[in-house]
Amino acid sequence: MIANLDKTYDHHDVEHRWSSAHWESEGIYGAESSRVLVEGKEPYTVLMPPPNVTGSLTLGHVLNHTLQDIFIRYQRMSGKEALWLPGTDHAGIATQTVVEKKLRAEGVSRRDLGRKGFLEHVWRWREEYGGLILKQLRKLGISCDWRRNLFTMDESASAAVRHAFVSLYRDGLIYRGKRIINWCPVSQTALSDEEVIMKPRKDKLVYVRYPLVKRPGEFITIATVRPETILADVAIAVNPNDPRYRDLIGELAVVPVAGRHVPVIADDYVDIEFGTGALKITPAHDPNDFEVAGRHNLPILCVVGRDGKMTDEFGYAGMDRFDAREKIIADLESLGNLERVEDYEHNVGYSERADVVVEPYLSEQWFVKMKPLAEKALQVVNEGEIRFHPAHWISTYRHWMENIQDWCISRQLWWGHRIPAWYDEEGKIWVAGSYEEACHLAGTDKLIQDEDVLDTWFSSWLWPLTTLGWTGENTDNEDIRAFYPTDTLVTGPDIIFFWVARMIMAGLYFKGDVPFRDVYFTSIIRDLKGRKLSKSLGNSPDPLKVIDAYGTDALRFTIVYIAPLGQDVLFGEEKCEFGRNFATKIWNAARLVFMQREKVFGDIETFGKAYAGFTPDPELLSGAQRWILGRYHEMLVSYHTAFSLFRMNDITRIVYDFFRGDYCDWYLETLKIELTEEIDEQKRRHAVFLAVSILEGFLKVLHPVMPFITEEVWHHIVERKNSESIASSIMPQAEEHWKSSEQEDFTAVQKVISEARSLRAVFGVPHDMNASLVISVQDEPAKRIIAANTHIVTRMTGCTLEIAGKGLQRPPHSASSVVDGSELFMPLEGLISFDKEIARLEKEAGSVSSYVMRMEKKLANKGFVDNAPEEVVENEKRKLAEAKDNLRKLDANLEVLRN
RNA sequence: GGGUGAUUAGCUCAGUUGGUUAGAGCGCUACCUUGACAUGGUAGAGGUCAGAGGUUCGACUCCUCUAUCACCCACCA
């Protein structure tokens, strides 16, 4: 064990020494989360949102997992049984696409391989590349229980999926139906509404004339953005209250190009104001038209196939839908049916994965009835049984729940959980947990399983249950009893509907209880220009490169520091300099403390024995020490409060401000001075104990955010084994009694020092010149503590200090300042410019006098004095008196100078 | 069309129930290589808190409207 830290801080070394691999071999983080709850310990559970197996580490993961790790480490150090459940998601479409692409490059299609052969390829691919994201996550130093790693396609998770499907089906909440769904022509599968992204698109609004069969020369004009679907028109609809068309209802019109006769029908759905007020009805290619057709018993014709190409004749078969659109406009024109074409911008749905326009497609799919599930899920959030942070996401959640649509869960893919439904020879459906069971139910073994697989989210919504070993068969085990409901879910607001909402439904439905208590919605990370990070823009920094350049701790600290609750965050990797500089500062401060320790105690063993069980002794504390102890405990109060309020960026701010602003800038500077004094050995030892113990406390509160450097420095405090970890040490708690009143007094010393330094700087006193400082202090306690710290003032200002009594005359040729009723004079023969000094004091007097005027006006206001709380009024009076006193002194000084 | 959030120093952001002479980091200016640290220290410049009303003794903070930006939801062809 090394007693002293290296001269320079190298994050690579530190991260390597305390790597995830180290802890896995030592069993530290893993062992923390035991399979069975330790007697007397309270559980605390976090669910890791399972990253896609196809994924690689993004800054989104960094923020998300750092936050989870902060919660876990904090709770673990606070004495809870902290369990963090990791895993990966099979990501149906994404994975299948990736593997298909790889195969295509080798000249093989999935159809060539067949279902079984293709799935073997996917599993092999997963073996080879699927672990990448987990390996990268380990670089972040996250302390989850890797032994419990679950994959959504593992047998236990798959069993749970089958069970969930079967029980929802039996309860009548899953049904199969022919409906218009969102179809991705590239992936050739159905999608849920959530997988469709609406984007504005410039199209043409085409006005087409439909001749009326019985009224030669007359026609009805409709407007459409999808003229290629004219071929599948089955009616023209108008509003029954539209006087323009009233007498045409019931007539027949000729569909251009197709030549078919279709009726003119009346339906309230048609908006009189829009377009021409007449609407073509194409039930197979528009969900609204589908409903209208249902109301009017119209036939359904289909002209666009599953590959997005035209299927019908009339010379279009096999054409891409967009090419067909161009061609039909030309054809309409040559037939004389085209009235005009307008530019038109509207929102069009795109497939989330393939980024192509989705096709409304009529097909048989499986659906989950969502309304019954939504009711309770809404209730638990409304009633605060589940809390959202920030709370404003409740409105978004509520709106979705109140307008919920059925969930299309079948996907025409091969990679995923195959739907546990079988068809007998008559086409009757048998839903069961297995083929054998289905055969038993059906009374035959001539069953064919449904070809489709389930939406990936159908396994994700069971995550809080499956990670604890719930399979549907096994619904109660020690894990579930101990850790369900889990505590905190950390996730991005972009998957509030996909995942969060559905997990709540599933938890309530399958387990009868909420899946978690608190949901922390992270910031969305953007680049410095506020754009979303994306591969195509090339604005997405590789976290591993950032880690290599700045360090994991620096990245973790920086990203949490700049990510406020509920706001987007603009990230540039240069910002990590902030975290890196902080880490360096910690390193160097620790070096100073350890150097002092060595001077006083010699070797670390001697120190360690003496330090064990140290508590500060009020009798031995100097003013500065008393002050830093007070500040330390104040910091602890804010720190724990911030945790309870989920204000994670406050945590970093609180810890940073304490360490930089108080511990390093003031306390360590005074420590150096105090230890060079002739003080007795007991005080000297006590001073080092205190410095080390506050450093240790600081390391502990920082540890959840910066696990590596805190671990390293903590191991240098006393001799420790490599298997010991700060992660299993006890989080310090605030002790109110250290918040001493003396604290105010040391502030007086600080103010004198700052003011003296300011005078030196303003008048350009050379740094190696020993100036003198004469001060006159009104306030007795302040005077006492300044006197007690004369040596500190002297050393920190480079001025010999003289404390004068009352009625002090301004020393000649001096610069002056008034602070908190104390007057400071710095005689500077030869350096002082009277004009400069007068100008400076006048400026100061000016601002003080305007403040005095404002305060006088305020206190003269009867309304204020009568209505404001007494303490506020008293405080204002005191502030006015002080300001007036300062002003009087400034004026007196100016008077002397002017004569 | 509905909803949510934002607007504070040149830049990025704090400012927790209304009472501070409105703060930090970066950048900028000056001085300092002092035995922890130049990835540093000290001192300083820099803001009519988006705009207009209102509530109040008192508004960066609460309410209303306006402007700008961002995101989410929505079946108007």
Side-chain angles (χ1 to χ4, degrees), chain A residues 5 7-9 180 198 205 222-226 237 269-271 273-276 278-282 286-291 344 346-347 349 360 390 392-393 395-396 399-400 403 493-494 496-497 524 526 528 530 532 550 554 561-562 564 566-570 572 574-575 577-578 580-596 641-642 645 647 649-650 653 656-657 660-661 664-665 668-669 672 753-754 757-762 764-768 796-798 847-848 850-851 854-855 858 861-869 871-873 875-876 879 883:
Chain A
L5 295 171
K7 179 153 173 62
T8 47
Y9 165 62
I180 301 247
M198 300 304 280
L205 188 57
I222 60 94
T224 178
V225 288
R226 300 205 57 193
Y269 166 69
V270 182
D271 182 348
E273 304 294 317
F274 191 88
T276 63
L279 178 63
K280 76 191 199 63
I281 299 299
T282 320
D286 184 286
N288 299 309
D289 291 10
F290 184 75
E291 287 192 10
Y344 185 65
H346 62 149
N347 283 326
H392 70 76
W393 286 108
S395 331
T396 306
H399 183 259
W400 188 72
N403 296 284
D494 49 332
I496 184 167
F497 308 134
I524 290 175
R526 298 169 176 281
L528 291 172
K532 247 183 174 156
Y550 297 94
Y561 188 89
I562 65 177
Q567 294 291 119
D568 290 354
V569 48
L570 309 187
E574 319 79 80
K575 287 195 175 181
E577 284 176 16
F578 178 66
R580 180 202 58 190
N581 293 354
F582 186 45
T584 309
K585 187 73 181 175
I586 294 165
W587 190 265
N588 287 313
R591 286 182 60 221
L592 170 69
V593 172
F594 294 153
M595 251 175 223
Q596 302 296 349
T641 306
L645 297 173
R647 301 183 63 101
N649 64 326
D650 279 8
R653 229 167 269 279
Y656 180 91
D657 288 349
R660 275 257 148 131
C664 291
D665 289 352
L668 286 185
E669 292 305 319
K672 283 193 281 193
I753 292 168
S754 292
R757 283 167 166 175
S758 178
L759 288 178
R760 289 189 67 123
V762 168
V765 181
H767 72 277
D768 52 357
M796 288 178 79
T797 59
S847 81
V848 176
S850 74
Y851 178 63
R854 244 180 306 151
M855 294 298 274
K858 195 173 187 178
N861 183 346
K862 202 169 174 309
F864 172 70
V865 181
D866 291 350
N867 292 309
E871 56 186 71
V872 172
V873 177
N875 197 32
E876 299 298 274
K879 274 159 38 181

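Reminder, nothing fancy here: chain letters follow the sequence lines and each chain counts from 1. Because the structure is a prediction, the values reported are computed rather than measured. These values consider heavy atoms only, across backbone and side chains, with no hydrogens, waters or symmetry-generated copies.
Proximity of a side-chain donor or acceptor of A/Thr584 to a complementary backbone N or O of A/Arg580 within less than 3.5 Å is detected. A donor-acceptor pair is defined here as one N or O able to donate and one able to accept, closer than 3.5 Å; no such pair exists between the side chain of A/Asp286 and the backbone of A/Thr282.
With rounding to the nearest 0.5 angstrom, the CD1 atom of A/Ile222 is 8.5 Å from the CG atom of A/Leu205. Considering CG of A/Asn861 and CG of A/Asp866, their distance stands at 8.5 Å, rounded to 0.5 Å. The distance from the OG1 atom of A/Thr641 to the CZ atom of A/Arg647 is 11.0 Å, given to the nearest 0.5 Å. The OH atom of A/Tyr344 lies 10.5 Å from the OG1 atom of A/Thr224; values are rounded to the nearest 0.5 Å. Note that the CE atom of A/Met855 and the NZ atom of A/Lys879 stand 5.0 Å from one another [nearest 0.5 Å].
You'll find the side chain of A/Lys575 reaches within 4.5 Å of the side chain of A/Leu528, heavy atoms only. The shortest distance between side-chain heavy atoms of A/Leu279 and A/Tyr269 falls below 4.5 Å. In this structure the side chain of A/Ile586 never reaches within 4.5 angstrom of the side chain of A/Tyr9, judged on heavy atoms. Side-chain contact between A/Trp587 and A/Thr8 is absent, with no heavy-atom pair separated by less than 4.5 Å.
Look at NE2 on A/His346: it is 15 Å from C1' on B/rA74, rounded to the nearest Å. Atom P of nucleotide B/rG58 and atom NZ of A/Lys858 are separated by 11 Å, given to the nearest angstrom. Remark: C1' of B/rC73 and CG of A/Asn403 are 9 Å apart, rounded to the nearest angstrom. To the nearest angstrom, C1' of B/rA74 lies 15 Å from CG of A/Asp286. Between the CG atom of A/Leu279 and the P atom of B/rA77 there is a distance of 10 Å, rounded to whole Å. Rounded to whole angstrom, the span from the CD1 atom of A/Ile524 across to the P atom of B/rU4 amounts to 17 Å. Summarising the geometry, the separation between CZ on A/Arg226 and P on B/rC75 is reported as 16 Å, rounded to the nearest angstrom. At whole-Å resolution of the value, CG in A/Asp271 and P in B/rA74 are 20 Å apart.
Contact annotation: A/Tyr344 reaches the phosphate of B/rA77 (side-chain N/O to OP1 or OP2, under 4.0 Å).
Annotation: B/rU7 and B/rC62 have their P atoms spaced 11 Å apart (nearest Å). Comparing the P positions of B/rA6 and B/rG44 gives an interatomic distance of 34 Å, to the nearest angstrom. When the C1' atom is used for both B/rU42 and B/rA50, the distance is 36 Å, rounded to whole Å. Spacing of P atoms, B/rC32 relative to B/rA70, comes out at 48 Å, to the nearest Å. Between the P atoms of B/rA43 and B/rU56, the separation comes to 45 Å (whole Å). Atom name C1', nucleotides B/rG1 and B/rU20: the rounded distance is 45 Å, in whole Å. Nucleotides B/rU17 and B/rC60, compared at atom C1', are 16 Å apart to the nearest Å. To the nearest whole angstrom, the two C1' atoms, one in B/rC76 and one in B/rG2, are 15 Å apart.
Side chain A/Lys672 to base B/rA36: a donor-acceptor pair is found below 3.5 Å. The base of B/rA77 does not come close enough to the side chain of A/Glu273 for any donor and acceptor atom to sit less than 3.5 Å apart.
In this structure, A/Lys862 reaches neither bases nor backbone, as no heavy-atom distance under 4.0 Å exists between it and the strands shown. At the heavy-atom level, A/Val872 lies under 4.0 Å from base atoms of the strands shown. Using a 4.0 Å heavy-atom cutoff across all strands shown, A/Pro869 reaches at least one base atom of the nucleic acid. Residue contacts for A/Glu669: at a heavy-atom cut-off of 4.0 Å it reaches a base atom on one of the strands shown. When heavy atoms are screened at a 4.0 angstrom cut-off, A/Tyr851 is found touching base atoms of the nucleic acid.
Residues A/Arg591 and A/Leu5 come closest through the heavy atom pair CG-CB, 3.8 Å. What you find for A/Arg757 and A/Met796 is that their closest heavy atoms are NE-O, 3.1 Å.
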Write out a two-atom table: protein N or O, nucleotide N or O from nucleotides 38-43 of chain B, distance below 3.5 Å.
| residue | atom | partner | partner atom | Å |
| --- | --- | --- | --- | --- |
| B/rU39 | O4' | A/Arg580 | NH2 | 3.4 |
| B/rU39 | O4' | A/Asn581 | OD1 | 3.2 |
| B/rU39 | O2 | A/Arg580 | NE | 3.4 |
| B/rU39 | O2 | A/Thr584 | OG1 | 2.5 |
| B/rG40 | OP1 | A/Asn581 | ND2 | 3.0 |
| B/rG40 | O3' | A/Lys585 | NZ | 3.2 |
| B/rG41 | OP1 | A/Lys585 | NZ | 3.4 |
| B/rA43 | O3' | A/Ser758 | OG | 3.4 |

Original post:
For every nucleotide of nucleotides 5-15 of chain B, 5' to 3': is a protein heavy atom under 4.0 Å from its base (B), only from its sugar-phosphate (S), or from neither (-)?
Top reply: SS-----SSSS

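With B/rG19, B/rA36, B/rG25 as the candidates, the nucleotide lying closest to the side chain of A/Leu592 is B/rA36. Closest approach to the A/Thr396 side chain among B/rU16, B/rA36, B/rC72 is made by B/rC72 (side chain taken as heavy atoms from C-beta onward). Considering only the side chain of A/Asn861, B/rC57 comes nearest among B/rU16, B/rC57, B/rC73.
For the pair A/Phe864 and B/rC57, the ring geometry does not qualify as stacking, because the centroid separation below 5.5 Å and plane angle under 30° are not jointly satisfied.
A/Phe578 and A/Tyr561 have tilted rings, their planes meeting at an angle from 30° to 60° on a 0 to 90° scale.
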Subject >> Per-nucleotide pairing state of RNA chain B [Watson-Crick or G-U, under 3.5 Å; [ ] pseudoknot-crossing; | other strand] >> reply: (((((((..((((.....[...)))).(((((.......))))).....(((((..]....))))))))))))....

